[in-house]
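Note sheet for the following structure.
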Amino acid sequence: MKNQSVVNNIDWITVLIYSTLVIMGWMNIYSASLPLEETSFFDLTQIYGKQMLFIIMAIPLIFVILSMDAKIFEKYSTVFYILGIFSLLGLFAFGKTIKGQTNWYQFGGFGFQPSEFVKTATALLLAKLVSDTQINLKLFKHQLIALAVFGFPVFLILLQPDAGSAMIFLSLVFVLHREGLPSWYLWTGFIGIALFILALIVKPTFLIGFVFLVMIVHFIFNTRITRNPLIYAIVFVAITGMVLSVDYVYENVLEPHQKDRINVLIGEDVNMQKEGYNLNQSMIAIGSGSWLGKGYLEGTQTKGGFVPEQHTDYIFTTVGEEWGFAGATVVIFLFVCLFLRIIYLAERQKTKFSRIYGYCVATYLFTHFMVNISMLIKLFPTIGVPLPFFSYGGSSLWAFTIMLYIFIKMDANKVNEW
């Protein structure tokens with residue numbers, strides 16, 4: 001049977017949403033970086049000119065991906081992963097340190113962040129591993145193997161140190177949960193994060209007492225899982241140890257800028273002209289846009305340069321100020337449509353590999369989106385996570401483009417799958 005044309009089966013809805021987000025992203029980068037004297041869109045001395053170049057260069061990347069055999073991504077997933085790991089290891093010898101983080105290679109006036117591309121390689125290998133019929137995520141040894149796939153790059157990225165990128169990799173645990181990973185992994189993570197934050201707000205003794213009471217109530221009314229007192233005792237001792245160690249970790253392990261960001265989040269007194277400045281200015285910019293915004297290229301906070309790094313991690317503040325609540329809602333709606341479309345496409349795949357990879361893509365994009373927006377409105381610590389297709393940067397744009405279009409290629413090729 002002759003293979004059907006992949007081009008005829010491309011999901012143009014996803015392509016349209018992607019193109020719209022990229023164009024809107026460039027428009028906001030243009031506004032956030034526009035100098036007093038207007039120059040060409042292609043002026044490479046300006047940030048918006050470089051981003052335009054990145055967008056143009058992404059087009060041949062798309063055509064190359066769509067012209068490739070879809071089976072290549074599964075067949076060589078291990079090779080892609082190994083190359084990605086070596087690119088992370090190379091940073092410790094050849095990487096450039098920027099703001100205390102060694103997570104970039106520098107080539108002239110352009111930088112390359114390998115962790116952005118390793119996300120795709122990790123997703124491909126994870127999809128290949130979990131789609132293997134011999135892998136059962138109900139078995140502990142298989143759980144360890146799957147967790148190690150993204151655990152190793154997380155370890156290397158934390159050494160850079162880049163907590164934001166590491167957290168994005170950890171979000172793949174949701175994909176594993178979709179494929180059968182026991183839910184206690186998620187509950188352990190959520191409870192651990194909640195206890196860490198609470199231990200910074202309330203006295204440890206009070207928190208430990210509260211946990212003790214909750215466990216007593218759970219033991220009395222528990223009817224679904226084992227009521228072995230030894231298990232309850234072990235869990236209580238582990239939680240107590242964690243709560244009592246929070247203060248030590250906070251004071252001796254976290255970097256000063258990390259502590260500052262947490263202080264801002266939990267409402268501690270901070271200097272709004274120093275550690276609290278970025279967040280304060282971003283909230284002022286977003287709030288000043290009101291319902292309909294001040295108008296494109298008319299944002300006073302944006303034009304005055306009051307929001308640091310506004311063209312990168314804080315790009316959404318330009319949307320909020322110049323496009324207002326209505327414009328921000330449109331952008332959020334487009335992102336939600338993209339997430340839902342990817343999940344819909346993932347569910348209709350004929351191979352388990354393609355489905356799992358599709359969920360990895362949706363998870364990566366959603367986590368980036370949620371963290372970026374949340375940190376601008378004081379719902380999450382500022383950790384330097386870009387907004388997909390919006391934030392300035394060639395590494396970010398190309399990595400997300402490659403990641404998404406590999407899945408689009410897989411989806412288009414499903415007509416040739418059996």
Side-chain angles (χ1 to χ4, degrees), residues 20-39 41 43 45-52 54-55 98-99 164 257 260-335 368-393 396-397:
T20 303
L21 288 173
V22 170
I23 293 171
M24 293 175 72
W26 182 86
M27 290 174 63
N28 282 276
I29 291 172
Y30 179 76
S31 178
S33 60
L34 186 64
L36 296 177
E37 296 183 3
E38 295 187 23
T39 59
F41 290 162
D43 185 354
T45 63
Q46 303 296 331
I47 289 173
Y48 60 80
K50 292 181 180 179
Q51 187 70 8
M52 177 63 77
F54 296 149
I55 293 173
I98 302 176
K99 296 182 179 180
H257 69 277
D260 290 337
R261 292 168 180 176
I262 292 176
N263 287 336
V264 172
L265 180 66
I266 63 178
E268 293 289 332
D269 290 333
V270 295
N271 188 336
M272 285 303 176
Q273 297 303 315
K274 292 183 178 180
E275 58 265 26
Y277 181 79
N278 288 13
L279 178 61
N280 186 53
Q281 292 301 318
S282 70
M283 295 184 70
I284 290 175
I286 293 174
S288 67
S290 191
W291 289 99
L292 299 177
K294 299 176 180 176
Y296 184 56
L297 303 179
E298 299 298 328
T300 54
Q301 294 290 315
T302 297
K303 291 294 167 287
F306 292 104
V307 183
E309 306 297 331
Q310 192 166 12
H311 56 286
T312 54
D313 300 339
Y314 289 84
I315 189 64
F316 196 75
T317 60
T318 303
V319 178
E321 181 182 23
E322 298 188 345
W323 299 11
F325 178 81
T329 300
V330 170
V331 172
I332 293 174
F333 175 76
L334 286 172
F335 272 107
H368 268 273
F369 168 79
M370 282 299 297
V371 172
N372 182 273
I373 301 298
S374 297
M375 71 183 188
L376 299 185
I377 54 177
K378 205 178 179 180
L379 293 179
F380 202 88
T382 302
I383 56 175
V385 172
L387 184 61
F389 313 120
F390 257 69
S391 295
Y392 167 78
S396 174
L397 176 64

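Nothing here was measured: the structure is a model prediction, and the numbers come from that model.
- Atom CE of M370 has 12 or fewer heavy atoms from other residues, nucleotides or ligands within 6.0 Å.
- The side-chain hydrogen bond (donor to acceptor under 3.5 Å, both in side chains) test applied to H311 returns no partner, not counting sequence neighbours.
- Applying the side chain to side chain contact (heavy atoms under 4.5 Å, CB included) rule to F380 yields the partners M167, V371, S374, M375, I383; only residues at least two apart in sequence or on another chain are considered.
- Partners of L292 according to the side chain to side chain contact (heavy atoms under 4.5 Å, CB included) rule, which considers only residues two or more places apart in sequence or in another chain, are A326.
- No side-chain donor-acceptor contact under 3.5 Å links D313 to the backbone of N372.
- A donor-acceptor distance shorter than 3.5 angstrom exists from the side chain of H368 to the backbone of P386, with no hydrogens or angles considered.
- For residues 286-301, every residue pair satisfying the salt bridge (Lys or Arg N to Asp or Glu O under 4.0 Å) rule, not counting sequence neighbours, is listed here: K294-E321.
- Inspection of the S33 and Q46 side chains reveals no N or O donor paired with an N or O acceptor under 3.5 Å.
- For Y296, the ring pair (Phe, Tyr, Trp, His ring centres under 6.0 Å) criterion is met by no residue, not counting sequence neighbours.
- For the side-chain hydrogen bond (donor to acceptor under 3.5 Å, both in side chains) test, no residue two or more places apart in sequence or in another chain qualifies with Q51.
- Panel note: side chain S282, backbone T317; no donor-acceptor pair is recorded below 3.5 Å.
- With sequence neighbours left out, F306 forms a ring pair (Phe, Tyr, Trp, His ring centres under 6.0 Å) with no residue at all.
- Applying the side chain to side chain contact (heavy atoms under 4.5 Å, CB included) test to T20 and every residue at least two apart in sequence or in another chain returns L16, M24, L334.
- Not counting sequence neighbours, F316 has no partner by the ring pair (Phe, Tyr, Trp, His ring centres under 6.0 Å) test.
- Here S31 pairs with K303, E322 under the side-chain hydrogen bond (donor to acceptor under 3.5 Å, both in side chains) rule; sequence neighbours left out.
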